[in-house]
2 protein chains.
Amino acid sequence: MARKITSQDVAKLAGVSQSAVSRVFTKGASVSPDMAERVRVAADTLGYRPNALARGLITGRTRIIGLVVAYLDNPFYPDAIEKLSTALQKQGYHLLIFTTGRHGIDTDRVISELLDYQVDGIITASINLSGKLTKRCAAAGIPVVLFNRGIPGSGLSAVTSDNLAGGRKAAEFLLAGGHKRLAHISGFRDASTSQDRLEGFRAALAEAGHDVHAIEDGKYDRATACEAARRLMDRPDPPDAIFVANDHMALAVMDVLRFDLKLDVPGDVSILGYDDVPMAAWPAYDLTTLRQPTRRMVQATVEELFAQLENPTRAARRIEIDGPLVVRSSARIPQGYVT
Amino acid sequence: MARKITSQDVAKLAGVSQSAVSRVFTKGASVSPDMAERVRVAADTLGYRPNALARGLITGRTRIIGLVVAYLDNPFYPDAIEKLSTALQKQGYHLLIFTTGRHGIDTDRVISELLDYQVDGIITASINLSGKLTKRCAAAGIPVVLFNRGIPGSGLSAVTSDNLAGGRKAAEFLLAGGHKRLAHISGFRDASTSQDRLEGFRAALAEAGHDVHAIEDGKYDRATACEAARRLMDRPDPPDAIFVANDHMALAVMDVLRFDLKLDVPGDVSILGYDDVPMAAWPAYDLTTLRQPTRRMVQATVEELFAQLENPTRAARRIEIDGPLVVRSSARIPQGYVT
DNA sequence: CGATGGCGTGCATAGGTATGCAAACACCCG
DNA sequence: CGGGTGTTTGCATACCTATGCACGCCATCG
């Protein structure tokens, strides 16, 4: 294993000073074309590349963004992460990734480790942050953007879809379809996404003089959602439509209804999901769902993060991106319905 | 934004030298209990944590592992990444993640950037590495482990399932089921996983006096696999069984057969997948498939990586982990078949 | 032709930590 | 009481790069 090649080595070979080498690799620095050329040649023959650590130590910018995510079994997240990573790479930034597991017990420890690496910013997905952590990040001047979760009163920027509107659209579509007993399977009780989707759903039902027929806790988990579905259908007055807080659970619910309880979807029960993950479009499910516009959400997240990097005093923003109802065949289509 | 807190600040407050502070946070260093206590207190009141960058600059160890992955739409990878991340975090390592996109054109650039960050090691998933890059990593003394792909002759360690054996098992199971025209939809032509699965399949067929009835290129891509399936069934002599190179494509093929061509699976055609992703177990598909034991593969990958870190001169290993055939209902079950 | 300004370059230092070395100290045994 | 052994501690330096400062050079302008 050869010794590491440093800017000193390049400088010696090119017959210039170390600063010169540094300047050639720092865009915006003043260098004569002549010297730039010589340094480039020397660097190439030695295979030199600037040490990002040393650079980060001095500039205070690592070009690393910390990403904290609880779990990846909901395909919405891998999709978002891939887009996020691509968008950041395009700007010369990279993702240091941390998983907390479903329980998210040690989120604080995880973020501490993230801070150790002097990340320039943090993106969290499906994660609740403690107030203490929030303060630590603020004290360190590190911007935080919450992806697909808001924490009211935290003073943190958050990017979500318009969950309230989504919940409303769900209710309106199901009501228009003539359903009478509209149930809901929620996500995490303490997740803003889940709360807002339910709240919008409830509000629209209330305006039409309805109540939410029944609510079960699905915890954004497949197995839990399956049980929730069974409990709902076990009732003396089972629902004729279920709005499920995300697609990942909705697909599970469809499986239970069809294969376990031998029910017809949407003949016996209509199912509505949330996210529009790729699988929702697969013909085996053909799930009617509310689209979360991943691309635009990712773009907004990145933009917000960079905006905060440039202007640390910038006020936190709550960005809600509206997504359409994607009508497929898992929920009864109202007569005369037009997109 | 408060100035960063350094070991100097802690030293001053505790009335000791900076080296003392460093030693308290470096395990294995000799410190008196008395001093350790005073430093700890001072550090806590100031909220000090060692700067991982500076530490990495000096020790030459960043505790960062670079992960390069092409795409995340195949759910096998998110699953593996989550396990990988958890396993590494347990050892105090973290993942810097890079995506190359399906075309993987600029893999070289991506790995260069990875090296800039002085990562301690690199894991690649579903990626082919150029020989030039391999040499660069070797020269920098950075161990590389290929996950779910081997590159013969590259001198790199690789962890895969036993793809040859898997291919054989697929053939044997389908032959035992009485199938006569056994087709294959492959992954990437230049991916060892795809080649080996086909090779094992072909070999077992040959031993039974059969040929592979037809081969189509699926490129590990859903849309491409759908077209491949249609082409296969368009033939004058369509296959009565298809071994698909991974589950992600196999599910697509099942969708095409059932919903597009109105065929029965396995009544008209048997389908066999590879991976055993979570969705393969969902009742809507209930896919018979060859399991890749993710947990053990991840464990082996991490162990191999650490082994190389400790002993840089260690020879590269090719680790193949055998996985069982998981029999479900997408392929005809041979009479009298017992697990 | 002298003054002014802008550009290109090197020197020296900073950024935060780990560690070899030597000094200080304690302790034990003969 | 002296020498040897072992443990703590501080000093100084190294890791690698970016950048403020000063200097020299050339061009430009009045």
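The sequence lines fix the lettering, A, B, ..., with proteins before strands; numbering per chain opens at 1.
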Q) What's the shortest heavy-atom distance between A/V69 and A/S126, and which atoms? A) CG2-OG, 4.3 Å
Using atom names, set out every protein N or O paired with an N or O of nucleotides 11-13 of chain C below 3.5 Å, distance rounded to 0.1 Å.
from	atom 1	to	atom 2	distance (Å)
C/dC11	N4	A/S19	OG	2.9

**Q.** Spacing between B/D34 atom CG and C/dA26 atom P, to the nearest angstrom
**A.** 13 Å
**Q.** Taking every non-hydrogen atom, the tightest pair across A/C137 and A/V144
**A.** CB-CG2, 3.8 Å
Q. Listed in order of residue number, which residues of residues 110-122 of chain B have a non-hydrogen atom at under 4.0 Å from DNA chain D?
A. none
Q) Would you find a donor on one side and an acceptor on the other, under 3.5 Å apart, between the side chain of A/S194 and the backbone of A/A191? A) no
(Q) Checking A/S112 against A/R136: is there a side-chain donor and acceptor pair closer than 3.5 Å? (A) yes
Q) Can you tell me how far P of D/dT8 sits from CZ of B/R38, to the nearest Å? A) 15 Å
Q. Ignoring hydrogens and geometry, is there a side-chain-to-backbone donor-acceptor pair from B/D9 to B/T6 under 3.5 Å?
A. yes
Q: Could you check how far CE of B/M35 sits from P of D/dT7, rounded to whole Å?
A: 15 Å
Q. Which residue pairs pass the ring-ring contact (aromatic ring centres under 6.0 Å, His included) test when at least one of the two sits in residues 73-94 of chain B, sequence neighbours left out?
A. A/F98-B/H94, A/Y117-B/H94, B/Y93-B/F306
Q) Considering the terminal five base pairs at each end of the helix from C/dC1-D/dG30 to C/dG30-D/dC1, what angle separates the two local helix axes, rounded to 10°? A) 40°
Q | Nucleotide nearest B/I58 when distance is taken to its side chain, options D/dA18, C/dA18, D/dC16 | A | C/dA18
Give each protein N/O atom lying under 3.5 Å from an N/O atom of nucleotides 26-28 of chain D, with the pair distance.
none

Q: For atom CZ of B/R318, decide whether the heavy atoms of other residues, nucleotides or ligands shown that lie under 6.0 angstrom number more than 12.
A: yes
Q: Please name all residues satisfying side-chain contact (heavy atoms from CB on, under 4.5 Å) with B/N51, sequence neighbours left out, ordered by chain then number.
A: A/L57, A/Q118, B/L53, B/A54
**Q.** Integer-rounded Å distance: C/dT17 P and B/K4 NZ
**A.** 10 Å
**Q.** Pair listing, side chain to side chain donor-acceptor pair (under 3.5 Å) test, anchored in residues 296-309 of chain B, at least two apart
**A.** B/S157-B/E304, B/S157-B/Q308, B/Q299-B/E303, B/E304-B/Q308, B/E304-B/R314
Q. What's the CG-C1' distance between B/L53 and C/dA14, to the nearest Å?
A. 15 Å
Q) Quick one: is C/dG16 close enough that its OP1 or OP2 comes under 4.0 Å of any side-chain N or O from B/T6? A) no
(Q) Please list all pairs meeting ring-ring contact (aromatic ring centres under 6.0 Å, His included) that have one or both residues in residues 118-149 of chain A, counting only residues at least two apart or in different chains. (A) none
Q. Considering only heavy atoms, which members of residues 40-52 of chain B lie under 4.0 Å from some atom of DNA chain D?
A. none
Q.
Expressed as a whole number of angstroms, how long is the span from B/R55:CZ to C/dT19:C1'?
A. 13 Å
Q: Search all heavy atoms of A/I142 against all heavy atoms of A/G121 and return the closest pair with its distance.
A: CG2-CA, 3.7 Å
Q: Kindly say if B/S32 contacts the phosphate of D/dT9, meaning a side-chain N or O under 4.0 Å from OP1 or OP2.
A: yes
**Q.** Nearest-angstrom distance from the residue atom CZ of A/R63 to P of D/dT17
**A.** 17 Å
Q | Any A/S7 side-chain N or O less than 4.0 Å from OP1/OP2 of D/dT17 | A | yes
Q. Got a sec, which pairs hit side chain to side chain donor-acceptor pair (under 3.5 Å) with one end in residues 79-92 of chain B, sequence neighbours left out?
A. A/T99-B/S85, A/T99-B/Q89, B/D79-B/K83, B/S85-B/Q89
Q | Given DNA chain D, 5'-ward residue of the pair A/F25 and B/A20, judged by closest heavy atom | A | B/A20
Q. Is the side chain of B/R61 donor-acceptor paired with the backbone N or O of B/G56 at a distance under 3.5 Å, no angle test?
A. no
Q: Between C/dT17, C/dT9, D/dT19, spot the one nearest the side chain of B/Q8, thanks.
A: C/dT17
Q. Contact class for B/S22 vs. all strands (heavy atom < 4.0 Å): base, sugar-phosphate, or nothing?
A. base
Q) Okay, side chain of A/D120, backbone of A/L309: is any donor-acceptor separation there less than 3.5 Å? A) no
(Q) Applying side-chain hydrogen bond (donor to acceptor under 3.5 Å, both in side chains), can you list everything that pairs with A/T124, at least two apart in sequence or on another chain? (A) none
Q.
Taking any heavy-atom pair under 4.0 Å as a contact, classify B/V16: base, sugar-phosphate, or nothing.
A. sugar-phosphate
Q: Look at the side chain of B/L57 and decide which nucleotide, out of D/dT9, D/dC16, C/dT19, has an atom nearest to it.
A: D/dC16
Q: Could you please name the option among C/dT19, C/dG16, C/dT9 that lies closest to any side-chain atom of B/A54?
A: C/dG16
Q: Could you note down all residue pairs passing ring-ring contact (aromatic ring centres under 6.0 Å, His included) where residues 29-70 of chain A supplies at least one of them, sequence neighbours left out?
A: A/F25-A/Y48
Q | Check: B/N148 side chain, B/T160 main-chain N or O, donor-acceptor pair, under 3.5 Å | A | no
Q) When we call it a touch if two heavy atoms are under 4.0 Å apart, what does A/V21 touch: a base, just sugar-phosphate, or nothing? A) nothing
Q) Over how many whole Å does the gap from B/R61 atom CZ to C/dT17 atom C1' extend? A) 17 Å
Q) Do B/R38 and B/D34 sit within salt-bridge range, that is, some charged N less than 4.0 Å from a carboxylate O? A) yes
